[in-house]
Amino acid sequence: MGAAEAVTDALRELHRRFAGLRDGQLADYIPPLALADPGAFGLALISMDGHRYSTGDADALFTLQSVSKPFVYALALSVLGLDEVGRWVNAEPSGEAFNAISLEPVTGRPDNAMVNAGAIVTTALIPDTPDAPRFGRILDCLSRFAGRRLDVDEQVYASEALTGDRNRALAYLIRSAGPLPVDPVAAVETYFRQCAVRVTTLDLAAMAATLAHGGVNPLTGDAVVPEPVAAQVLAVMATCGMYDTSGDWLLRVGLPAKSGVSGGLIAAGPARFGLAAYSPLLDPTGTSVRGRAALGALSERLGLHLMHNPALAGSTVTLVATADEPSAAPAVSRGSAGRERVAAVAAQGALDFTAAERVLYALDEARPRETGAVVLDLRRVTAVDTVARAMLRSGLGRLAEDGVRTAVADPADRLALLPGTAEQGGHPAVRPFPSREEAAAWCVSGPAG
Ligand code: GLN
């Protein structure tokens with residue numbers, strides 16, 4: 001019972017709010033799915049630090065069904081790359097049901113990897129070799145996304161293999177239409193197996209969190225897929241993951257998501273959370289009724305909508321001061337002639353493009369009108385990404401070229417300014433120092449020696 005219990009409380013509150021929803025139907029075209037408990041309802045959230053929160057039936061087992069699609073797509077992208085996968089599976093929203101004949105006229109290429117046609121092709125693209133059979137690769141990959149060894153519900157698999165004529169028909173249509181180098185008809189059995197992999201709501205939250213976390217499972221630290229692949233998968237989930245309600249979902253909920261006919265639903269808040277719901281009563285599009293309601297409300301409550309501006313926090317730049325404000329820039333007055341004016345800007349946290357822009361703007365605002373000196377204090381910065389590093393180096397270099405004495409308090413050398421440490425080499429006129437005092441002292445010490 002700690003402060004973070006408040007997060008579980010948010011889940012509990014949504015659970016209470018939507019547990020009473022009785023709308024929807026159990027899927028029955030795969031007969032064992034109709035045996036699910038219609039009252040089952042689990043919710044889970046996993047943070048980028050791997051903190052796990054859940055409520056309700058979050059440990060109940062059910063089969064992945066279509067929630068497997070984005071993860072197998074991730075595997076295909078990791079193995080073959082976007083261009084090769086894109087030759088065989090498009091990335092256009094179909095606006096159609098999950099089992100529609102969503103094939104491009106002439107080429108027979110499926111619209112996207114989230115509808116069955118595209119998922120079957122995606123599965124077929126996974127290499128199948130004697131030492132690493134296709135399904136083994138898929139199960140390994142799904143397990144790494146979940147952070148534990150998953151298995152197959154053989155009864156659900158056998159049942160879909162018996163009744164899955166529509167999917168088999170889709171595979172035959174694809175084979176008849178196109179020059180696909182692999183056999184989708186043979187791969188359909190593997191597709192049925194991946195759909196029958198057993199998970200819990202917490203597993204799903206871990207899988208979604210791994211996508212949200214750039215492909216690194218936040219529970220195990222395992223780099224399951226490369227970061228660009230995670231971003232590509234989230235993009236296709238955002239536009240296609242909810243089939244013919246994808247547009248409305250993106251509009252109202254604003255998160256990449258994927259639903260499955262056993263009642264599982266995932267949503268990913270990139271760099272924030274993996275979310276999952278399980279409740280088997282489905283709406284007419286094959287999405288969990290309670291899941292849709294709960295994750296929609298959660299996104300709204302936590303402000304997760306992607307188009308909602310998350311980053312207006314003013315905390316990147318924590319100090320802007322000049323020597324005229326000695327309390328804010330105490331080191332500057334010490335040992336100086338008192339006439340030299342030095343501006344100080346301090347930043348904190350992780351710096352990306354947006355943060356770098358703020359820092360550079362603050363330097364311009366703070367910098368003395370006549371030539372003077374600036375100190376950028378990065379001691380409380382925890383990370384600088386490559387874009388921000390290049391921008392800061394270039395911006396500071398411009399100041400130096402304008403005749404401004406420019407120093408950085410950068411004990412961790414995050415800007416890679418120390419001679420010999422930067423791949424580009426340090427900017428000769430921008431000097432890094434271990435402390436703000438030393439940086440400011442250099443600024444007022446007269447011409448560079
Ligand atoms: N195995 C199911 C099918 O192919 C998955 C569909 C779904 O979850 N939407 O029909």
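Start at 1 and go down the list; that is how both ligands and their atoms are numbered.
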- Task: Please check if any side-chain donor atom of R414 sits under 3.5 Å from a side-chain acceptor atom of T382, or the reverse.
- Result: no
Any N/O pair G260/ligand 1 closer than 3.5 Å
no
Going by the 4.0 angstrom heavy-atom rule, the piece of N116 near ligand 1 is side chain
If you measure from each heavy atom of N99 to ligand 1, is any distance below 4.0 Å? no
Worksheet item: Do you see a donor-acceptor pair shorter than 3.5 Å between the side chains of Y73 and N112?
Response: no
side-chain hydrogen bond (donor to acceptor under 3.5 Å, both in side chains) between S435 and R379, intermediate numbers included: CA-CA 8 Å; S435 70; R379 287 170 307 158; over 6 Å; no
### Ion pair check, D248 and R252, cut-off under 4.0 Å
yes
among protein heavy atoms, the one nearest atom 4 (O) of ligand 1 is Y191 OH, 2.7 Å
So for Y157 against ligand 1, with non-hydrogen atoms under 4.0 Å, the contacting part is neither
Based purely on interatomic distance, does K69 place a nitrogen or oxygen under 3.5 Å from a nitrogen or oxygen of ligand 1?
no
d(Y29 OH, D165 CG) to nearest 0.5 Å is 13.0 Å
Flag, side chain of T220 to backbone of D222, donor-acceptor distance under 3.5 Å:
yes
Tell me, please: is F192 in heavy-atom contact with ligand 1, that is, under 4.0 Å?
no
among protein heavy atoms, the one nearest atom 8 (O) of ligand 1 is S66 OG, 2.6 Å
**Prompt:** Within the structure, does S259 bring an N/O atom to less than 3.5 angstrom of an N/O atom in ligand 1?
**Reply:** no
Exercise. Are side-chain N/O atoms of Y243 and K258 paired as donor and acceptor at under 3.5 Å?
Worked result: yes
Check: residues 91-106 side-chain donor-acceptor pairs under 3.5 Å, at least two apart:
residue	atom	partner	partner atom	Å
S94	OG	E96	N	3.1
E96	OE1	S102	OG	3.0
E104	OE1	T107	OG1	2.7
E104	OE1	R109	NE	3.3
E104	OE2	N90	ND2	3.2
E104	OE2	R109	NE	3.4
E104	OE2	R109	NH2	2.8

inquiry  = Run E189 and R168 through salt bridge (Lys or Arg N to Asp or Glu O under 4.0 Å) and show every step you take.
reply    = CA-CA 9 Å; E189 304 304 319; R168 239 175 244 118; 3.2 Å; yes
For C195, the atoms of ligand 1 under 4.0 Å from one of its heavy atoms are 1 (N)
In ligand 1, the atoms that come under 4.0 Å of a heavy atom of N167 are 3 (C), 4 (O), 10 (O)
When distances are taken from atom 3 (C) of ligand 1, the protein heavy atom at minimum range is E160 OE2, 3.2 Å
Numbered in order shown, the ligand 1 atoms found under 4.0 Å of a heavy atom of Y29 are 2 (C), 3 (C), 5 (C), 6 (C), 10 (O)
